[in-house]
Number of protein chains: 2
Amino acid sequence: MAGTRWLDEREMAAWQGFLEATSRVSRHLEQQLKEDAGLSHPHYEILVRLAAAPDGEVRMTDLAEGLFTSKSGLTYQVGQLEKRGLVERHSCPTDVRGVLAALTPEGRDVLRAAAPGHVAAVRAALIDVLEPDELDVVARALGRVGRRLRPPAQETGSSDSGGISTSSS
Amino acid sequence: MAGTRWLDEREMAAWQGFLEATSRVSRHLEQQLKEDAGLSHPHYEILVRLAAAPDGEVRMTDLAEGLFTSKSGLTYQVGQLEKRGLVERHSCPTDVRGVLAALTPEGRDVLRAAAPGHVAAVRAALIDVLEPDELDVVARALGRVGRRLRPPAQETGSSDSGGISTSSS
DNA sequence: GACAGGTTGTTCAGATTTGAATGACTGCCC
DNA sequence: GGGCAGTCATTCAAATCTGAACAACCTGTC
């Protein structure tokens with residue numbers, strides 16, 4: 001297999017830059033969020049998704065998919081949030097197996113308090129570090145990268161509450 | 001609180017794209033590496049760093065810094081690699097406290113066997129998905145992002161410094 | 001030499017993540 | 001109606017990660 005195409009210097013720079021930016025941004029935001037609002041990044045993301053949903057509640061499976069995490073991991077995190085009273089669980093009326101995670105008023109308050117600081121941190125770490133044209137290229141390029149690694153796609157999703165429109169295809 | 005500059009649509013696209021690409025690429029490569037070579041991504045990166053070092057051995061602290069991980073995390077990972085015989089520990093001659101992690105011949109073999117598959121996966125997931133001009137922008141932009149989040153003091157010229165450009169703009 | 005202050009790597013307890021197995025349910029086809 | 005494959009969320013054991021605490025050591029100053 002002499003056919004391995006190794007990475008040249010430019011490609012290596014992109015790959016290393018991606019790895020370093022990934023690790024550092026993630027770690028930095030994790031820390032900032034924890035100090036500033038007592039939330040982990042997964043916690044924050046869960047609250048955001050719930051707040052963005054039409055009725056403030058989302059099916060566990062949909063939530064896990066949106067957060068790029070495993071279902072068991074989500075069960076744990078939602079459990080933690082429930083203990084704190086930021087999230088509640090209801091069973092889904094149309095499917096007894098289903099569980100809806102719902103934002104409580106306290107959860108909404110915590111999110112409202114945490115959001116400005118988090119957005120500022122995201123700007124400082126990433127967004128405002130990029131030139132406007134870089135921003136667009138990163139959005140387009142990384143968007144494509146992420147989309148290509150999405151799970152095979154669940155067809156027949158036409159059931160009903162679809163709700164979350166995926167990015168304009 | 002009117003001072004919060006929320007993310008507009010373009011900025012949100014960049015941020016979400018970054019998050020999704022980050023998660024998916026990381027998870028994808030982790031899996032590919034594990035199936036293909038029985039290594040986790042941290043394991044692989046450790047072997048790469050050691051193989052790239054002049055004498056095939058690196059100080060624990062330097063290694064941790066290069067891998068963007070905590071020192072205790074590295075102790076654990078190197079311990080795992082040592083159990084498998086892929087890495088050895090020597091004490092540093094110039095500093096009794098210091099520990100040098102060194103690649104064993106077996107470790108070099110495992111790395112050599114794993115590298116082609118990993119590089120191919122990195123290409124398929126990220127590098128070859130980007131247009132050449134996108135590649136350069138990503139390298140430059142994310143490189144800057146990562147560099148700005150580096151811990152304050154860095155000396156004794158580590159791996160590469162390639163010129164610390166003061167983002168005077 | 002002695003000593004304060006910083007560094008080095010490990011250990012420890014605790015939190016989190018993962019994948020496999022599980023129990024409960026749905027939808028569909030016969 | 002009954003069976004069968006698939007879905008949903010949880011539980012469990014095992015692996016991993018983190019930060020704080022720790023013991024041992026270096027470095028500079030006096």
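Chain A is the first sequence line, chain B the second, and so forth, proteins listed ahead of strands; every chain is numbered from 1.
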Chemist: For residues A:H43 and A:Q80, is any side-chain donor paired with an opposing acceptor at under 3.5 Å?
Modeler: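 The answer is no; no qualifying pair exists.
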Chemist: For A:Q31 and B:D95, find the nucleotide of DNA chain D closest to each by heavy atoms; which residue's nucleotide sits nearer the 5' end?
Modeler: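 Here A:Q31 is the residue nearer the 5' end.
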Chemist: Counting heavy atoms from C-beta on, name the nucleotide in D:dT18, D:dC8, C:dT10 closest to the side chain of B:T69.
Modeler: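 Given the options D:dT18, D:dC8, C:dT10, the side chain of B:T69 is closest to D:dT18.
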Chemist: Measuring to OP1 and OP2 of C:dA15, would you say a side-chain N or O of A:Q77 lies under 4.0 angstrom away?
Modeler: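 It does not, given that no N or O in the side chain of A:Q77 lies less than 4.0 Å from OP1 or OP2 of C:dA15.
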Chemist: For the pair made of CE in B:M60 and C1' in D:dA24, what is the distance, rounded to whole Å?
Modeler: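 Going from CE in B:M60 over to C1' in D:dA24 covers 16 Å.
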Chemist: Between C:dT16 atom P and A:I46 atom CD1, what is the distance in whole Å?
Modeler: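 For the pair A:I46 CD1 and C:dT16 P, the rounded distance is 11 Å.
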Chemist: Only counting residues at least two apart or in another chain, list the ones meeting ring-ring contact (aromatic ring centres under 6.0 Å, His included) with B:F68.
Modeler: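 Per chain and number, B:F68 pairs via ring-ring contact (aromatic ring centres under 6.0 Å, His included) with no residue.
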Chemist: Find the distance B:L81:CG to D:dT16:P and express it as a whole number of Å.
Modeler: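 Atom CG in B:L81 sits about 10 Å away from atom P in D:dT16.
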Chemist: Mind calculating the distance between NZ (A:K71) and P (C:dG23) to the nearest angstrom?
Modeler: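 Roughly 16 Å, once rounded to whole Å.
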Chemist: Can you tell me which nucleotide in D:dC8, D:dC17, C:dT17 comes closest to the side chain of A:Y76?
Modeler: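 Within the option list, the nearest is C:dT17.
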Chemist: Heavy atoms under 4.0 Å, any strand shown: does B:G98 hit a base, just sugar-phosphate, or nothing?
Modeler: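 The answer is sugar-phosphate, as B:G98 gets under 4.0 Å only of primed atoms, P, OP1 or OP2.
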Chemist: By nearest heavy atom, map B:L74 and A:R89 onto DNA chain D; which one lands nearer the 5' end?
Modeler: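 Result: A:R89.
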Chemist: Choose from C:dC12, D:dT10, D:dC25 the nucleotide whose nearest atom is closest to any side-chain atom of B:V96.
Modeler: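 Nearest to the side-chain atoms of B:V96, counting from C-beta on, is D:dC25.
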Chemist: Under the criterion salt bridge (charged side-chain N to carboxylate O under 4.0 Å, His left out), I'd like the reasoning laid out for A:D95 against A:R59: C-alpha separation, chi angles, the key distance, then a yes or no.
Modeler: CA-CA 10 Å; A:D95 187 339; A:R59 226 18 204 284; 3.4 Å; yes
Chemist: For B:E45 and D:dC17, give me the distance from atom CD to atom P, rounded to whole Å.
Modeler: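 In whole Å, D:dC17 P lies 13 Å from B:E45 CD.
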Chemist: Roughly how many Å is it from CD in A:E82 to C1' in D:dA9, rounded to a whole number?
Modeler: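 Result: 13 Å.
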Chemist: So, OP1 or OP2 of D:dA15: does either fall under 4.0 Å of a side-chain N or O from B:Q80?
Modeler: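 B:Q80 to D:dA15 OP1/OP2: no side-chain N or O under 4.0 Å.
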Chemist: Taking only Lys NZ, Arg NE, NH1 and NH2, and the carboxylate oxygens of Asp or Glu, determine whether B:E20 and A:R147 approach each other closer than 4.0 Å.
Modeler: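 So B:E20 does not pair with A:R147 through a salt bridge.
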Chemist: What is the separation between atom CG on A:L67 and atom P on D:dA9, rounded to the nearest whole Å?
Modeler: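 So the two atoms are 13 Å apart, to the nearest Å.
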Chemist: Between C:dT18, D:dC8, D:dC17, which one does the side chain of A:S70 approach most closely?
Modeler: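 Nearest listed nucleotide: C:dT18.
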Chemist: Strictly below 4.0 Å: does A:R27 bring a side-chain N or O up to OP1 or OP2 of D:dC17?
Modeler: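 It does not, given that no N or O in the side chain of A:R27 lies less than 4.0 Å from OP1 or OP2 of D:dC17.
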Chemist: A:E57 has an atom CD; how far is it from atom C1' of D:dA9, in whole Å?
Modeler: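 Rounded to whole Å, this separation is 16 Å.
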Chemist: What nucleotide, of C:dT16, D:dT10, D:dC25, holds the atom closest to the side chain of A:V99?
Modeler: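 Shortest atom-to-atom distance from the side chain points to D:dT10.
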Chemist: Through direct or indirect side-chain contacts below 4.5 angstrom among Ile, Leu, Val, Met, Phe, Trp and Tyr, which residues connect to B:V87?
Modeler: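 Grouped by the 4.5 Å side-chain rule, B:L33, B:L39, B:Y44, B:I46, B:L47, B:V48, B:L50, B:V58, B:M60, B:L63, B:L67, B:L74, B:V78, B:L81, B:L86, B:V99, B:L103, B:V110, B:L111 form the rest of the cluster around B:V87.
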Chemist: Evaluate the salt bridge (charged side-chain N to carboxylate O under 4.0 Å, His left out) criterion for residues B:D128 and A:R5: first the C-alpha distance (whole Å), next the side-chain angles of each, then the deciding distance (0.1 Å), finally the verdict.
Modeler: CA-CA 11 Å; B:D128 288 349; A:R5 288 171 55 218; 3.5 Å; yes
Chemist: What's the closest nucleotide to the side chain of B:S72 if the choices are C:dT16, C:dG19, C:dT11?
Modeler: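 Nearest nucleotide to the side chain: C:dT11.
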Chemist: Using only modelled atom types and a 3.5 angstrom limit, is any donor from either the side chain of B:R97 or the base of C:dT7 paired with an acceptor on the other?
Modeler: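 In this structure, the two groups form a donor-acceptor pair.
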